[in-house]
Amino acid sequence: MTFQEYTPDQEDALQEVVNIAMGQAGAALAQVLDVYVALSVPRVRIVSADGVADAVQAMIASAQDGDPGDVTAVRQGFFNSLRGESIALFGTEGCNSLADLMGHEQALEKDEIDRELLLEVSNILSGAVLNGVAEQLDTDFAFSAPTLMAMRQPVNRLLDAQALGWDYALLVEVNFRLEAPGFSCHLVLLMPEESIEFMRRGLDAMLEGL
Amino acid sequence: MPLPVLVVDDSSMSRKLTIRAFPGDWDVEVSQASGGQEALDAIERGLGHVVFLDLTMPGMSGFDVLAEIRRRGLDCFAVVVSADVQPKAEEQARQLGAMAFVRKPVKADALHGVLREYGFL
C-alpha cells in the first residue's frame, strides 16, 4: 500500500493544532501540581507500522538528549471521528518527585502510589490534548479510562503497531517537563490510516480559511 | 509612515492567523520571522517596532528572544502570542519585558484590545 504524506502546510497546521492543545494540557497539569510545566515544540510524523517503536524511541531520545531508558506507560484509547491510542510515557525517576508534588501520603505501597499518580496525570494530559485537538477540528471524540500498559520497560518493547492491525500510523509526540527534578512525560498519540485522512480533511479546511 | 510590525512564530499557519486578526485599517508594514535569531536580526534592522512573539519555538524560545532584546537594549513593543496559557508563562514573559500577552488561538477582539490599550489604534 502506498501512502500520501502530509504536505508541509498540513504538517505545519497539525503541529500548531497540537501546540495549542498541548498548551491547554500543560496549563491543566500546572494547575493540579502548582508548578510550571515547560513545553516544547510538538512533533508529528507518519510512519509505517513496523517503524513505530523505533520512531517513538528516537523522538524521545532526541527530546531528552539520550536513551530514554526504561519507561512506565499508561494508555487510553480514543474513538469516534478520530481513533487511536494515547500513550503517556514516564521516566523511572520522575514518579517520586511527582508523588511529593501531589502531596500523597506515604501510607500506600510505593508501586501503588506510582500507579495512581500516573493514571491521574495521564488522564489529565490525554484528556486535555485530545479535547484541544477535537475543539480546533470542530469534532469530538470519546476516550476510555487510562490503564497501566507497562512498568519499567524499554520503549521498543511496548509498542507494536502490527498488533493494532495498522499499516501506517500518524505519530504525534508532545513533551511535558516539570521544574521538579527528573520528571518528564512524553505523550504519544498514534492514529491509523482513516484518522490520518480525517485529520487531513480537517487541516485542509483550516488552511483554506486562511 | 506605516508602523513596522514583526510576527514571530515557527508555524506559518500561526503567523497567518495572527496577521489575519489585525484590524483591517491598521497602517502597518508586516514582516515575518520563523525563529528567534531571524526575529532579532529583523528587529535590529528596524522591522519590528511592534513584535508579536510566540514562546514555544525550536532552538531559541520566545523567552530567549525577550531576554536577548533586553540584553541588546533593542527598542520594541513585545506582545507575546502563545498557546502556553499558564499564569507562570505570562508572568515570566512580562518579567522579561513583554508588554502584553495574547492567548492562542488568537481572537481578533483580544488582540485589538491590547492594541487599543497601548494607543496603537
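Within every chain, numbering begins at 1; the chains are lettered A, B, ... in the order of the sequence lines, protein sequences first and strands thereafter.
Atom CD of Q31(A) has 12 or fewer heavy atoms from other residues, nucleotides or ligands within 6.0 Å. Atom CZ of R177(A) has 12 or fewer neighbouring heavy atoms from other residues, nucleotides or ligands inside a 6.0 Å radius. With a 6.0 Å radius and a threshold of 12 heavy atoms from other residues, nucleotides or ligands, D27(B) has its CG atom above the threshold. Under a cut-off of 6.0 angstrom, the local environment of CD in E44(B) is crowded, with over 12 non-hydrogen atoms contributed by other residues, nucleotides or ligands. Within 6.0 Å of CZ on R43(A) lie more than 12 heavy atoms contributed by other residues, nucleotides or ligands.
With a 4.5 angstrom heavy-atom cutoff, D10(B) touches chain A via backbone and side-chain atoms both.
Taking both residues in full, the closest heavy atoms of V35(A) and Q86(B) are given as O-OE1, 3.9 Å, listed atom of the first, atom of the second, then distance. The two atoms that bring E16(A) and S14(B) nearest to each other are OE2-OG, 3.4 Å, heavy atoms only.
Counting only distance, with no hydrogens or angles, the side chain of Q15(A) and the backbone of S11(B) share no donor-acceptor pair below 3.5 Å.
Atom CG of N19(A) sits about 9.5 Å away from atom CE of M13(B), to the nearest 0.5 Å. Atoms NZ and CE, on K16(B) and M206(A) in that order, are 12.5 Å from each other to the nearest 0.5 Å. The CE atom of M22(A) sits 5.0 Å away from atom OG1 of T56(B), with the distance rounded to the nearest 0.5 Å. The distance from the CG atom of L39(A) to the OG atom of S61(B) is 11.0 Å, given to the nearest 0.5 Å.
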